[in-house]
Number of protein chains: 2
Amino acid sequence: MTESTPPSRRQLVAGAADMIRRRGLNATSIREVAKHAGTPLGSTYHYFPGGKRQLATEAVRFAGDTVARMLGKRLEAGPVDGLRAFLGLWREILTSTDFHAGCPVLAVSIEEAADGERHAVLTAAAEVFAGWETMLAGSLREYGAGSPEAEQLATLVVAATEGAVAMCRAQRSTQPLDRVAAQLESLLTTTAVN
Amino acid sequence: MTESTPPSRRQLVAGAADMIRRRGLNATSIREVAKHAGTPLGSTYHYFPGGKRQLATEAVRFAGDTVARMLGKRLEAGPVDGLRAFLGLWREILTSTDFHAGCPVLAVSIEEAADGERHAVLTAAAEVFAGWETMLAGSLREYGAGSPEAEQLATLVVAATEGAVAMCRAQRSTQPLDRVAAQLESLLTTTAVN
DNA sequence: GTCTATACGAAGATAGAC
DNA sequence: GTCTATCTTCGTATAGAC
């Protein structure tokens with residue numbers, strides 16, 4: 001991580017994130033991720049000795065950080081701008097993939113491990129969600145929202161967006177996300193000063 | 001369907017729904033569903049000639065109908081009662097399974113088919129979501145909500161609940177669902193008369 | 001009509017050649 | 001250090017015995 005990161009390693013993580021957000025965690029095979037990245041299967045286990053679990057964990061963190069960076073930038077202009085950017089990001093992912101891709105963090109959250117034990121991927125997903133919520137809540141408080149209200153609104157934004165993206169995929173339409181966007185924007189506008 | 005339904009057929013559908021809501025669609029194997037139902041593997045293909053896709057489709061519809069029946073009853077007492085029942089149902093599923101189970105409809109919505117073609121399971125999921133939304137929106141209109149508002153609120157309720165259930169599983173806590181509940185209840189109370 | 005046995009492919013992971 | 005070849009297990013689906 002600290003030493004120079006090989007480009008193929010990075011490609012494996014990004015490719016895994018893309019496959020997970022389309023097919024889910026269990027249907028994402030190391031074989032296919034490696035093939036897609038142009039690296040041999042053995043290399044994957046050299047870069048990720050922890051196997052599939054480690055690769056998936058890093059993929060979730062990678063996707064989470066990418067969204068968080070974008071969200072942080074847009075939140076500088078206020079919570080409603082952040083909300084619009086957040087919703088717009090997922091909308092773009094849906095439409096640009098013809099509703100084939102969603103959120104990899106949600107995907108890993110709803111798949112129990114085969115052996116039934118709680119794996120590190122779930123922990124990473126929880127941290128990613130918490131990070132997004134913390135950023136949103138902080139911005140809401142900055143703009144005048146009260147303390148229990150800000151956290152509740154932040155959770156509502158993340159939960160509603162994640163749920164809406166899944167619904168959009170089922171019905172091949174952005175209608176759920178657009179409806180959620182209208183309600184959330186009006187809610188945040190009346191709560192915080194912009 | 002119309003003729004007498006064998007109990008093992010029913011068990012297979014219910015078992016599939018339970019496994020899907022825990023592990024997701026791709027990780028749910030016909031073998032294990034059959035074993036769990038106590039029926040031989042061959043019987044599954046006798047009852048469901050369409051194989052895994054058919055079984056999964058019926059499992060989604062089964063789960064959707066179960067929720068819809070409960071929701072319909074509780075909506076007779078008004079939209080806020082319906083909301084509480086809806087949230088309470090998912091909360092109970094989370095806590096009674098130690099956060100191992102979620103919503104099977106959401107689960108199938110986020111997994112692309114391996115062959116890339118759009119399958120019947122997704123269509124069933126879209127219909128289930130639409131059914132829940134229609135019931136909620138109808139109740140909201142009955143209690144005084146305007147026409148674009150009612151549909152938007154209904155979608156927000158379903159999306160936020162589904163997303164929150166997934167977040168609860170990731171962080172092994174009902175906090176996301178409880179926060180969403182607080183916000184949705186206050187939102188529906190100010191919008192509709194109860 | 002029900003179920004056993006099996007065909008066939010693909011998964012995760014590793015051993016060991018280069 | 002990198003990659004090929006392989007081990008083992010499990011998946012869907014079916015053929016054919018009772």
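Atom set for the values below is all heavy atoms of this structure, side chains included, hydrogens, waters and symmetry mates excluded.
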Find the distance [X]:[atom1] to [N]:[atom2] and express it as a whole number of Å.
{"X": "A:Leu25", "N": "C:dG12", "atom1": "CG", "atom2": "C1'", "value": "13 Å"}
{"X": "A:Leu41", "N": "C:dA15", "atom1": "CG", "atom2": "C1'", "value": "13 Å"}
{"X": "B:Asn26", "N": "C:dG9", "atom1": "CG", "atom2": "P", "value": "20 Å"}
{"X": "A:Glu32", "N": "C:dA10", "atom1": "CD", "atom2": "P", "value": "10 Å"}
{"X": "A:Arg31", "N": "C:dA10", "atom1": "CZ", "atom2": "P", "value": "9 Å"}
{"X": "A:Arg23", "N": "D:dG11", "atom1": "CZ", "atom2": "P", "value": "18 Å"}
{"X": "A:Leu55", "N": "C:dA13", "atom1": "CG", "atom2": "C1'", "value": "14 Å"}
{"X": "B:Leu12", "N": "D:dT12", "atom1": "CG", "atom2": "P", "value": "13 Å"}

Select one nucleotide: of [options], the one nearest the side-chain heavy atoms of [X].
{"X": "A:Pro40", "options": "C:dA5, C:dA13, D:dC3", "answer": "D:dC3"}
{"X": "A:Ser29", "options": "C:dA13, C:dA11, D:dG11", "answer": "C:dA11"}
{"X": "A:His46", "options": "C:dA13, D:dT12, D:dT2", "answer": "D:dT2"}

- [ ] Mark yes or no for whether B:Glu133, through its side chain, and B:Ala154, through its backbone, hold a donor-acceptor pair below 3.5 Å.
- [x] no

Open item on the list: Using a 3.5 Å distance criterion without hydrogens, assess whether the side chain of B:Lys73 forms a donor-acceptor pair with backbone atoms of B:Ala68.
Closed with: no

- [ ] Would you indicate, yes or no, if D:dT2 has its OP1 or OP2 atom less than 4.0 angstrom from a side-chain nitrogen or oxygen of A:Ser43?
- [x] no

TODO: Ignoring backbone atoms, test whether A:Tyr45 places a side-chain nitrogen or oxygen under 4.0 Å from the OP1 or OP2 oxygen of C:dT14.
DONE: no

- [ ] Look at atom NE2 of B:His36 and say whether more than 12 heavy atoms of other residues, nucleotides or ligands are closer to it than 6.0 Å.
- [x] no

Open item on the list: Does atom CZ (A:Arg10) have a neighbourhood of more than 12 heavy atoms from anything else shown, all under 6.0 Å?
Closed with: no

- [ ] Tell me what A:Thr44 touches on the nucleic acid: a base, only sugar-phosphate, or nothing, going by heavy atoms under 4.0 Å.
- [x] nothing

Task: Audit row: A:Arg91, A:Thr174, side-chain hydrogen bond (donor to acceptor under 3.5 Å, both in side chains) steps and yes/no - done: CA-CA 7 Å; A:Arg91 200 177 193 284; A:Thr174 59; 3.2 Å; yes

